[in-house]
A.B. asks: 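I'd like to ask some things about the structure below.
Reckoned from all heavy atoms, side chains included, excluding hydrogens, waters and symmetry mates. Since the model is a prediction, treat every value here as computed from it, not as a measurement.
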Amino acid sequence: MTTPAIPTASTATVEASTAHTGLVDRRTAVVAQGVPRATTLDIRSASGARLVDADGRSIIDLAAGIGVMSVGHGHPEVVEAIRQQAGALLHVCMHVASYEPYVAVCERLAELLPHGGPTRAMLVNSGAEAVENAVKIARQATGRAGVLCFTGAFHGRTLLGMTLTSKVAYKRGCGPFAPEVYRVDYPHRYHAGVADEAVFVEQALAALREALTNRVAPEQLAAILIEPVLGEGGIVPAPAAYLQGLRAICDEHGILLIADEVQSGLCRTGRWAAYEHAGVVPDLSTWAKALGGGLPIGAVVGKDEVMQAAVPGTIGGTFGGNPVSCAAALATLRVMERDDLCARAAALGARIRERLLSMAASSPHVGDVRGLGAMMGMELSFDGDPRRPAPELAKAIAAKCLERGVLVLGAGVEGNVLRVLPPLVISDADLDVALDALSDALAEASKELPS
Ligand code: PLP
């Protein structure tokens with residue numbers, strides 16, 4: 001069978017200097033090409049906010065394993081908790097017997113993330129699984145099937161996750177997709193070209209209400225699923241007033257509000273949950289990435305009465321809440337709380353924003369700088385025009401950053417956003433070096449643009 005020509009997905013691969021090790025050739029020979037590959041880096045170890053490649057080069061990490069390594073690579077307390085748990089109990093399955101670390105993680109999540117009253121949790125292995133389970137729970141709780149989601153959304157690569165995901169490049173050829181999924185525009189003010197936030201929110205909520213008369217009946221909807229800050233879709237925080245309006249619409253129609261906090265959650269935005277910035281409490285929320293400090297674990301957290309609507313046997317999985325991942329999660333949450341990584345994220349975010357804004361002031365092609373806490377993005381568009389995205393410029397900047405020893409990832413439906421998601425333990429000095437590199441890379445790549 002010949003290999004099909006696959007249109008390029010999100011961000012094209014950035015070439016690294018470690019090609020000589022041959023690892024990428026081995027990967028190309030045996031690993032399915034459908035698994036994304038943002039760079040050709042061959043990474044051997046990592047610590048804190050630094051990666052070490054096969055040549056022993058130290059690279060400042062502004063990607064954090066796509067928003068995972070908030071407590072830093074190889075945090076000693078997380079590693080020690082993993083060691084101890086591995087020696088005691090590797091697996092038994094929560095469906096077979098109970099073990100303390102699973103219950104302790106659920107207790108911690110319920111304490112840290114109260115959903116407006118008694119709160120429960122269940123554990124899974126990934127963000128996509130968390131989203132799948134949240135939707136199943138919402139359907140059982142409401143007796144309704146429909147889910148309303150947004151453009152720009154990313155909710156994972158399982159078939160329902162992919163259905164809920166918006167970007168076509170992430171789902172091409174994978175259908176038929178799950179039924180009863182409806183989509184409206186994410187409140188993306190820069191793309192809408194509306195200067196005034198209050199005016200924009202009014203328009204966006206009116207469009208949502210219109211969708212409930214023109215696309216799907218509200219009484220058909222089990223849930224509205226939203227990332228409070230769009231991650232893969234380009235680091236776009238939903239305006240607080242929009243989230244508040246969404247909450248009100250859900251309440252009016254008995255629709256459950258699900259916040260997907262897989263990328264934005266657990267200190268990243270300066271709060272435990274990004275939805276806290278808007279003073280909104282969802283009925284259900286989904287978590288993964290940063291929770292395990294590097295090990296795979298995800299969670300659905302929700303209001304007691306909603307979570308309890310799930311019939312025994314309908315949620316869970318063999319490995320969900322594995323003891324070792326739970327031990328890592330408990331250590332991770334302990335470090336986050338003790339070291340106040342929420343405050344650290346807010347401080348880092350302020351520093352990043354200031355630097356990105358000064359880059360924007362010196363380049364006509366930085367159309368927008370936005371984000372919440374240490375979840376920041378810079379959108380590149382020719383002459384700042386949102387209708388003329390510049391993904392090649394984003395790729396060129398990422399490549400030049402890597403030459404300078406800084407890893408930065410792309411994002412956005414058009415691949416024209418650079419996102420800054422450092423481990424929250426990054427030092428001020430490393431952050432400054434990384435942002436200097438980003439600034440130099442932007443200046444150099446902008447000069448090389450064809451006029
Ligand atoms: N939801 C959001 C908001 C995400 O950003 C992601 C992954 O990037 C997912 C869900 C899927 O998570 P996972 O890759 O762990 O399945």
A.B. asks: Where does the angle between the aromatic ring planes of His188 and His191 fall among parallel (under 30°), tilted (30 to 60°) and perpendicular (over 60°)?
C.D. replies: parallel

A.B. asks: As a test of understanding, state which of Lys167, Gln263, His155 forms a side chain to side chain donor-acceptor pair (under 3.5 Å) with Glu232.
C.D. replies: Gln263

A.B. asks: Give me the atom names and distance for the closest heavy-atom approach of Val194 to Gln203.
C.D. replies: CG2-OE1, 3.5 Å

A.B. asks: Would you say Arg387 has more than 12 foreign heavy atoms packed within less than 6.0 Å of its CZ?
C.D. replies: no

A.B. asks: Is there a donor in the side chain of Glu227 and an acceptor in the side chain of Tyr186, or the other way round, less than 3.5 Å apart?
C.D. replies: no

A.B. asks: Among side-chain atoms of Asp304 and Gln308, is any donor-acceptor pair under 3.5 angstrom?
C.D. replies: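 No pair is found: no donor N or O on one side chain lies under 3.5 Å from an acceptor on the other.
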
A.B. asks: Side chains of Leu164 and Leu225, heavy atoms from C-beta outward: is any pair under 4.5 Å?
C.D. replies: yes

A.B. asks: CG/Leu442 to CG/Leu435 distance, rounded to the nearest 0.5 angstrom?
C.D. replies: 12.0 Å

A.B. asks: Scan side-chain atoms only and decide if His115 and Ser285 contain a donor-acceptor pair under the 3.5 Å cut-off.
C.D. replies: yes

A.B. asks: Between Ile66 and Arg419, is there a side-chain heavy-atom distance shorter than 4.5 Å?
C.D. replies: yes

A.B. asks: Under the criterion salt bridge (Lys or Arg N to Asp or Glu O under 4.0 Å), I'd like the reasoning laid out for Asp428 against Arg344: C-alpha separation, chi angles, the key distance, then a yes or no.
C.D. replies: CA-CA 10 Å; Asp428 289 347; Arg344 181 67 188 145; 2.8 Å; yes

A.B. asks: Just checking Glu202: does its CD atom have more than 12 heavy atoms from other residues, nucleotides or ligands closer to it than 6.0 angstrom?
C.D. replies: no

A.B. asks: Do the side chains of Ile297 and Asn125 get nearer than 4.5 Å, heavy atoms only?
C.D. replies: no

A.B. asks: Would you say Thr158 and Glu132 are linked by a side-chain donor-acceptor pair, where the criterion is simply a distance under 3.5 Å?
C.D. replies: yes

A.B. asks: Any heavy-atom pair between the side chains of Pro228 and Leu243 that's under 4.5 Å?
C.D. replies: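 Leu243 vs Pro228: side chains touch.
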
A.B. asks: So Arg355 and Asp436, salt bridge (Lys or Arg N to Asp or Glu O under 4.0 Å) or not? Walk me through it.
C.D. replies: CA-CA 9 Å; Arg355 290 297 307 277; Asp436 286 347; 2.9 Å; yes

A.B. asks: If you measure from CZ on Arg144 to CG on Leu221, what distance do you get to the nearest 0.5 Å?
C.D. replies: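 If we round to the nearest 0.5 Å, Arg144:CZ and Leu221:CG are 7.5 Å apart.
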
A.B. asks: Less than 4.5 Å apart, any side-chain heavy atom of Val168 and any of Val413?
C.D. replies: no

A.B. asks: Is there a side-chain contact between Ser70 and Arg268 in this structure, where contact means two heavy atoms from C-beta onward sitting under 4.5 Å apart?
C.D. replies: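 A side-chain contact exists here, since the closest heavy-atom pair is under 4.5 Å.
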
A.B. asks: Does any donor atom in the side chain of Tyr275 or Thr269 lie under 3.5 Å from an acceptor atom in the other side chain?
C.D. replies: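 No, Thr269 and Tyr275 have no side-chain donor paired with an acceptor closer than 3.5 Å.
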
A.B. asks: Search all heavy atoms of Thr163 against all heavy atoms of Arg183 and return the closest pair with its distance.
C.D. replies: O-NH2, 2.8 Å

A.B. asks: Is any side-chain heavy atom of Asp185 closer than 4.5 Å to a side-chain heavy atom of Phe150?
C.D. replies: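 Counting from C-beta outward, Asp185 and Phe150 never come under 4.5 Å.
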
A.B. asks: Sequence neighbours left out, what passes side-chain hydrogen bond (donor to acceptor under 3.5 Å, both in side chains) with Thr314? Give chain and number order.
C.D. replies: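 Partners of Thr314 by the side-chain hydrogen bond (donor to acceptor under 3.5 Å, both in side chains) criterion, ordered by chain and then number, come out as Gln140.
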
A.B. asks: Check for me whether Arg157 meets the cation-pi criterion with Tyr170, that is, NZ or CZ under 6.0 Å from the six-membered ring centre and within 45 degrees of the ring axis.
C.D. replies: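 Because its charged atom sits under 6.0 Å from the ring centre and within 45° of the axis, Arg157 does stack over Tyr170.
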
A.B. asks: Decide yes or no on salt bridge (Lys or Arg N to Asp or Glu O under 4.0 Å) for Arg108 and Glu111, but give the supporting numbers first.
C.D. replies: CA-CA 5 Å; Arg108 283 307 286 133; Glu111 278 161 18; 2.3 Å; yes

